Amino acid sequence: MPQPPPPPVESATGATLTISQLCRLHKQFSQVAPGGLMSTKLFSELLMDLTSVTLGDDALPSVWMHLSLSEVQDITSALSDGSDYVNWRKFLLSVSCPWPYPSLPELLRTLQRFKDTDDSGSGIVHQELYSQVGLWFTGDSEDTDPEDPTQNLPFNRLEHLIRFFFHLFAENTQPPRLDYTDMLLYFASHPNPLEGFYRALSVTIGRPVLKPPDDDRLVKSFPAMDAIEETTERIMVNDGGDTEQPTITLQEVLRVFQHGAGDDGDTHRFRQLERGANHLHKIMKNIFQEMIRDALGRVSLPALLTHPIFHELIEDCQLYKLSDIQDILEKTKATQMNEGDSVTTSSTAS
């Protein structure tokens with residue numbers, strides 16, 4: 001009887017982290033900051049430590065192992081955006097690329113599938129139900145088994161990424177529980193933070209949000225996501241075709257603006273974050289008091305979007321900017337190659 005082929009093994013490709021490397025980083029970050037937030041200083045130090053230790057066959061790609069302090073600071077700056085803390089889940093989401101970037105309709109359809117199976121309306125699912133619902137992409141593979149029985153079976157990265165995303169965004173409980181709306185808000189992020197914000201609003205209320213017609217800024221490209229089909233999605237303009245005006249509650253607005261703030265007291269660990277949360281709550285409460293509310297305390301979302309103070313808050317919000325860490329790594333790789341060529345040229349000349 002022939003022996004079964006060896007199990008699949010993922011091979012490192014360029015600066016892309018393997019699933020096992022992503023899981024190892026996730027374990028390290030979870031132990032240090034379970035809620036998801038850590039100071040920029042601690043993040044930089046931890047990243048320097050993790051990228052300078054060789055762990056046998058599972059060593060990080062060369063470009064990671066040779067990150068300089070300034071490059072680590074560039075990564076930290078891209079994630080913190082001027083604040084004194086970093087959400088390490090955003091970091092791992094960015095460095096897990098490439099993955100199929102979701103359009104807004106795909107996000108909303110995925111949200112609806114979760115809601116359809118969430119009989120209690122809790123917004124929480126366990127891993128079994130998460131696997132049944134699925135995301136906007138599947139782990140189906142067209143790879144065939146190798147003809148040579150001594151070769152490893154093909155590794156299905158997308159299938160493993162789907163599993164990894166559950167653990168990345170699930171609560172640190174036993175068994176792990178996932179807030180599916182919270183997860184989809186991470187995937188609402190976009191290279192253009194404005195578009196990311198409107199995508200997040202849409203996910204929060206469960207329907208597409210129409211941007212004010214006078215806001216026509218262009219969408220930036222995301223060069224590091226070459227392996228992902230470039231989305232042609234744009235924020236939809238209100239053309240008058242939808243007569244039903246969407247509404248939103250104060251808590252839903254705060255959820256959008258305070259997404260990823262942690263759930264284990266992180267807000268109180270960072271004074272800047274705590275002051276910002278308290279200040280934001282006061283501003284939003286005042287705005288809602290100025291506006292006409294229904295019996296449930298909901299206000300017209302189109303009217304809210306045109307409120308001058310609210311509009312200013314959107315302009316300043318960088319929360320849903322998808323940081324291009326891969327671009328920093330590619331520049332690092334190019335620098336390393338140039339330095340290597342220089343060394344080779346000098347040696348030849350000698």
Side-chain angles (χ1 to χ4, degrees), residues 8 10-23 25-26 61 87 89-117 125 127 129-144 154-170 178-193 195-200 202-204 206 208 219-236 259-260 320-327 329-330:
E10 185 177 17
S11 301
T13 305
T16 302
L17 298 177
T18 64
I19 297 297
S20 63
Q21 291 165 350
L22 287 169
C23 291
L25 290 177
H26 174 252
N87 185 326
R89 288 190 174 90
K90 288 186 175 181
F91 167 69
L92 290 183
L93 178 63
S94 178
V95 299
S96 64
C97 290
W99 35 261
Y101 183 76
S103 66
L104 178 56
E106 286 174 328
L107 283 175
L108 294 179
R109 285 194 295 267
T110 304
L111 174 66
Q112 191 58 52
R113 288 202 306 272
F114 277 112
K115 288 183 175 181
D116 290 342
T117 57
V125 294
Q127 188 168 9
L129 189 55
Y130 166 85
S131 300
Q132 292 175 7
V133 173
L135 300 179
W136 54 93
F137 65 96
T138 68
D140 296 339
S141 174
E142 297 180 357
D143 293 334
T144 58
F155 186 87
N156 190 332
R157 180 176 172 88
L158 288 182
E159 180 183 21
H160 286 79
L161 268 178
I162 292 173
R163 297 176 190 168
F164 172 71
F165 287 149
F166 174 82
H167 294 287
L168 175 60
F169 299 117
L178 175 72
D179 183 323
Y180 50 82
T181 303
D182 185 74
M183 175 190 69
L184 293 176
L185 284 174
Y186 278 102
F187 285 108
S189 297
H190 189 276
N192 180 338
E195 183 151 352
F197 184 87
Y198 276 93
R199 283 162 57 94
S202 301
V203 169
T204 301
V219 177
K220 300 176 184 177
S221 63
F222 201 21
M225 300 179 76
D226 290 338
I228 302 172
E229 288 188 18
E230 183 178 352
T231 176
T232 58
E233 174 192 9
R234 294 294 182 267
I235 304 168
M236 290 172 290
H259 176 249
Y320 296 97
K321 180 179 180 179
L322 187 58
S323 301
D324 195 354
I325 306 302
Q326 297 287 352
D327 185 53
L329 294 174
E330 288 300 322

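Just so it is clear, the structure is predicted and the values come from calculations on it, not from any experiment.
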Excluding sequence neighbours, so at least two apart, what forms salt bridge (Lys or Arg N to Asp or Glu O under 4.0 Å) with Arg89? none
Not counting sequence neighbours, which residues clear salt bridge (Lys or Arg N to Asp or Glu O under 4.0 Å) with Arg163? List them please. Glu159
Locate the shortest heavy-atom distance separating [X] from [Y]; write the atom from each residue and the value.
| X | Y | result |
| --- | --- | --- |
| Pro61 | Leu17 | CD-CD2, 3.7 Å |
| Ser96 | Leu22 | CB-CD1, 3.8 Å |
| Thr18 | Gln21 | N-OE1, 2.9 Å |
| Ser94 | Ile325 | OG-CG1, 3.3 Å |
| Arg199 | Leu104 | NH1-N, 3.6 Å |
| Gly206 | Leu111 | CA-CD2, 3.9 Å |

Partners meeting side-chain contact (heavy atoms from CB on, under 4.5 Å) with Ile162 (sequence neighbours left out): Tyr130, Leu135, Phe137
Tell me, please, which residues at least two apart from Thr117 pass side-chain contact (heavy atoms from CB on, under 4.5 Å). Leu129, Val133
Can you tell me how far the [atom1] atom of [X] sits from the [atom2] atom of [Y], to the nearest 0.5 Å?
| X | Y | atom1 | atom2 | answer |
| --- | --- | --- | --- | --- |
| Lys90 | Lys321 | NZ | NZ | 11.0 Å |
| His26 | His167 | NE2 | NE2 | 8.5 Å |
| Ser189 | Leu184 | OG | CG | 11.5 Å |
| Cys97 | Leu322 | SG | CG | 6.5 Å |
| Leu93 | Phe164 | CG | CZ | 8.5 Å |
| Thr181 | Lys115 | OG1 | NZ | 6.0 Å |

Could I get the full list of side chain to side chain donor-acceptor pair (under 3.5 Å) partners for Tyr180, not counting sequence neighbours? Asp118
Of all residues at least two apart in sequence or in a different chain, which pass the ring-ring contact (aromatic ring centres under 6.0 Å, His included) check with Phe187? Trp99, Trp136, Phe165, Phe169
Among all residues two or more places apart in sequence or in another chain, which pass the ring-ring contact (aromatic ring centres under 6.0 Å, His included) test with Phe91? Phe29, Phe43
Is the shortest side-chain heavy-atom distance between [X] and [Y] below 4.5 Å?
| X | Y | value |
| --- | --- | --- |
| Leu161 | Ile19 | yes |
| Leu108 | Pro208 | yes |
| Arg109 | Gln112 | no |

Could you label the plane-to-plane angle of the His259 and Tyr320 rings as parallel, tilted or perpendicular, counting under 30° as parallel and over 60° as perpendicular? parallel
Strictly by salt bridge (charged side-chain N to carboxylate O under 4.0 Å, His left out), give each pair with a member in residues 179-190 just once, sequence neighbours left out. Asp179-Arg255
